[in-house]
Amino acid sequence: MICITVTPTSRTLAKVDLLNAARQGDIIELCLDHLSKEPDIPDLLSAVSKPVIISCRRPQDGGQWKGTEDQRLLLLRQAIVAGPAYVELDLDIAPRIPRFGSVQRVICFTRMDRPEHDIDAIFDEAATHHADVVKFTWPTPTLDAAWPLLAAVSQKRRLPIVGMGLGRPELTFSLLGRKFGSPWIYAALEQGMQTHPGQATVFELDEVYHWREIDKKTSFVAIAGFGESQTALTRVFNAAFSQLGMGVRCLPIQPGEIKSLKKMLEALKIKAVLVKGGLGRDVLPLADQVDEHDKEAGCLDLLLRKDSGWKGYNTQWRAGLKALEAAVADGSGAARPLERYNVLVLGNGGVARSMAYAIGQRKGLVSVCGPNDAEARETASQIGCRFVAMQNLYDTLTDIIVIADPQLVAGQKQGCINPSLFRGKEIVLDISDPPSESTLAVEARERGAKVIPPQRIFEEQVRAQFKALTGSELPEEALQQV
């Protein structure tokens, strides 16, 4: 089930929010701490037929309550008498509010500063206070931080556990909670109504993550990161899995310590990881086997778990190289269309390095330039190409410019790339963050350059990744949804 949290500020808006939430969710959490005046709780509960959880949180627990603690406890007692399906009680106040009638008690433990690791002791204490459900809430910026929550909900216990992670990676816990049988997961009704920054909306859970199709038999493919390109990748793959009737869905994760990531992936029985952008260099140590060319590129975007261990691949440089060679050859059928072309690879990081290496292998005359001169110089030295310092960038004549770093933006301020770099005759490949187009690529097109759409690279890449994952061709209808 899905629980939609509403935080109205007036009694009139409270009814509207409850009605809207009831249309989308299975359970509604009504937060009383945001209301400016004392509510008529029986009247509010009469507005909907769905089960309602009443909560009233203190500021130290992420709420907006401005009254005294005695006033808050009185309000919660009055709420219980009104007969909601559930009442949420903090662990420290649960002994002061006895069970009443058929109202179920959600005993909640909250930390706003860091994860809690002593789950068992807190669970046992909540059980002694007559909990029907135990809830844990804390920040989940990475998979490491969410791991205690995941471990707690995945084990069979005498009482059910629900969790709310603070931050976008809460999605990881929510989807796994669905698989492991958590009574409900939390979501916002719509953008702007989140209880914390980054909370997923009901629409996202339905349209992007297909959460209703997840059950205990579902296996996951991990998607590292939470950016727009990762969301696009998730939409395509989940649509394809659904169309082909596969019991597989995408699980977004934010890797923390790489040393512990491999154990976590194996514990969750995840057989593949898809990586975008700068994380490609970070996950290289995960791979037990890497193709020689991908190892030289120093960046991975696909990891598959085989019997012999994790095997790493880089599909992005291959997709980018294919698109670039097709644009340069323009149907001529040349065996090495990039040979003797002056190619400037712009940016720092794994994507820039992998493209510089790939184009060099195809006999292009490669130069590397990035905002971090030291890193660009090291990359050029390692792969045997020319280094261009940022101060000399605008004096460099090129036939092809490869935008290979999502941190690069067009502009005239310090740290930006001046659009005067584009003189209107270049071929420009934007491989910084497909399928999104960078501001630099937009400027290049407006100045007359021939820009290869990043969507083309994205499509080529996801086709290759899907085939490697499943052995099947990617349904074209899935691509059309992005």
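Fair warning: this is a prediction, and the values are worked out from it, not measured in the lab.
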Using a 3.5 Å distance criterion without hydrogens, assess whether the side chain of [X] forms a donor-acceptor pair with backbone atoms of [Y].
X	Y	result
Asn314	Trp317	yes
Lys179	Lys216	yes
Ser182	Arg178	no
Arg72	Cys56	yes
Gln194	Gly192	yes
Trp138	Ala145	yes
Asp433	Ser436	no
Lys271	Phe220	no
Gln243	Ala240	no
Gln199	Thr195	yes

Verdict with reasoning, Trp310 to Leu286, per side-chain contact (heavy atoms from CB on, under 4.5 Å): CA-CA 7 Å; Trp310 287 91; Leu286 271 181; 5.5 Å; no

Under 3.5 Å, is there a donor-acceptor pair linking the side chains of [X] and [Y]?
X	Y	answer
Gln254	Thr142	no
Arg235	Asn238	no
Asp430	Ser432	yes
Asp144	Ser260	yes

Salt bridge flag under 4.0 Å for residues [X] and [Y]:
X	Y	result
Asp113	Arg111	yes
Asp301	Arg281	no
Arg463	Glu473	no
Glu460	Lys467	no

Criterion salt bridge (charged side-chain N to carboxylate O under 4.0 Å, His left out) on Arg58 and Asp92, from CA distance to verdict: CA-CA 12 Å; Arg58 301 167 293 198; Asp92 60 323; 3.0 Å; yes

Specify the closest pair of heavy atoms between [X] and [Y], including all atoms of both residues, with the distance to one decimal.
X	Y	result
Ala444	Val451	CB-CG2, 4.0 Å
Ala478	Val236	CB-O, 3.5 Å
Ile107	Ala131	CG1-CB, 3.3 Å
Leu13	Pro8	C-CB, 4.1 Å
Cys3	Trp184	CB-CD1, 3.6 Å
Asn348	Gly370	OD1-C, 3.6 Å

Summary of side chain to side chain donor-acceptor pair (under 3.5 Å) pairs that have at least one residue in residues 26-45, sequence neighbours excluded: Thr5-Glu29, Lys15-Asp43, Glu29-Ser55, Glu29-Arg57

Chi angles and distances behind the side chain to side chain donor-acceptor pair (under 3.5 Å) call for Thr201, Glu190: CA-CA 5 Å; Thr201 65; Glu190 58 187 45; over 6 Å; no

is_close_aromatic(Phe180, Phe173), centroid dist under 6.0 Å: no

side-chain contact (heavy atoms from CB on, under 4.5 Å) evaluation trace for Thr110 with Phe136: CA-CA 6 Å; Thr110 301; Phe136 293 96; over 6 Å; no

Return the [atom1] to [atom2] distance between [X] and [Y], rounded to the nearest 0.5 Å.
X	Y	atom1	atom2	answer
Leu284	Leu300	CG	CG	4.5 Å
Leu251	Leu274	CG	CG	11.5 Å
Met355	Leu346	CE	CG	12.5 Å
Leu440	Arg445	CG	CZ	12.0 Å
Tyr186	Ile53	OH	CD1	4.5 Å
Cys108	Met164	SG	CE	8.5 Å

pair [X]-[Y]: side-chain heavy atoms closer than 4.5 Å:
X	Y	answer
Ile253	Ile223	no
Val428	Ile452	no
Thr231	Phe226	no
Tyr209	Ser174	no
Leu166	Met112	yes
Arg105	Tyr86	no
Ile93	Glu69	yes
Leu18	Leu44	yes

Partner of Asp288 under salt bridge (charged side-chain N to carboxylate O under 4.0 Å, His left out), chosen from Arg305, Lys306, Lys311, Lys262: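 Of the listed residues Arg305, Lys306, Lys311, Lys262, the salt bridge (charged side-chain N to carboxylate O under 4.0 Å, His left out) partner of Asp288 is Lys262.
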
Enumerate donor-acceptor pairs with a distance under 3.5 Å from any side-chain N or O in residues 117-129 to protein atoms, sequence neighbours excluded.
{"residue": "Asp120", "atom": "OD1", "partner": "Arg157", "partner atom": "NH1", "Å": "3.2"}
{"residue": "Asp120", "atom": "OD1", "partner": "Arg157", "partner atom": "NH2", "Å": "3.1"}
{"residue": "Thr128", "atom": "OG1", "partner": "Glu125", "partner atom": "O", "Å": "2.5"}

Counterpart residues, side-chain contact (heavy atoms from CB on, under 4.5 Å), relative to Val409 (two or more places apart): Cys416, Thr439

Audit row: Val106, Leu89, side-chain contact (heavy atoms from CB on, under 4.5 Å) steps and yes/no: CA-CA 6 Å; Val106 180; Leu89 303 173; over 6 Å; no

Heavy-atom neighbours of Glu228 CD exceed 12 at 6.0 Å: no

Greater than 12 external heavy atoms within 6.0 Å of His196's NE2: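 More than 12 heavy atoms, drawn from other residues, nucleotides or ligands, come within 6.0 Å of this atom.
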
CA sep, side-chain torsions, deciding dist, call: Leu233, Gln465, side-chain contact (heavy atoms from CB on, under 4.5 Å): CA-CA 10 Å; Leu233 187 62; Gln465 290 175 335; 3.9 Å; yes

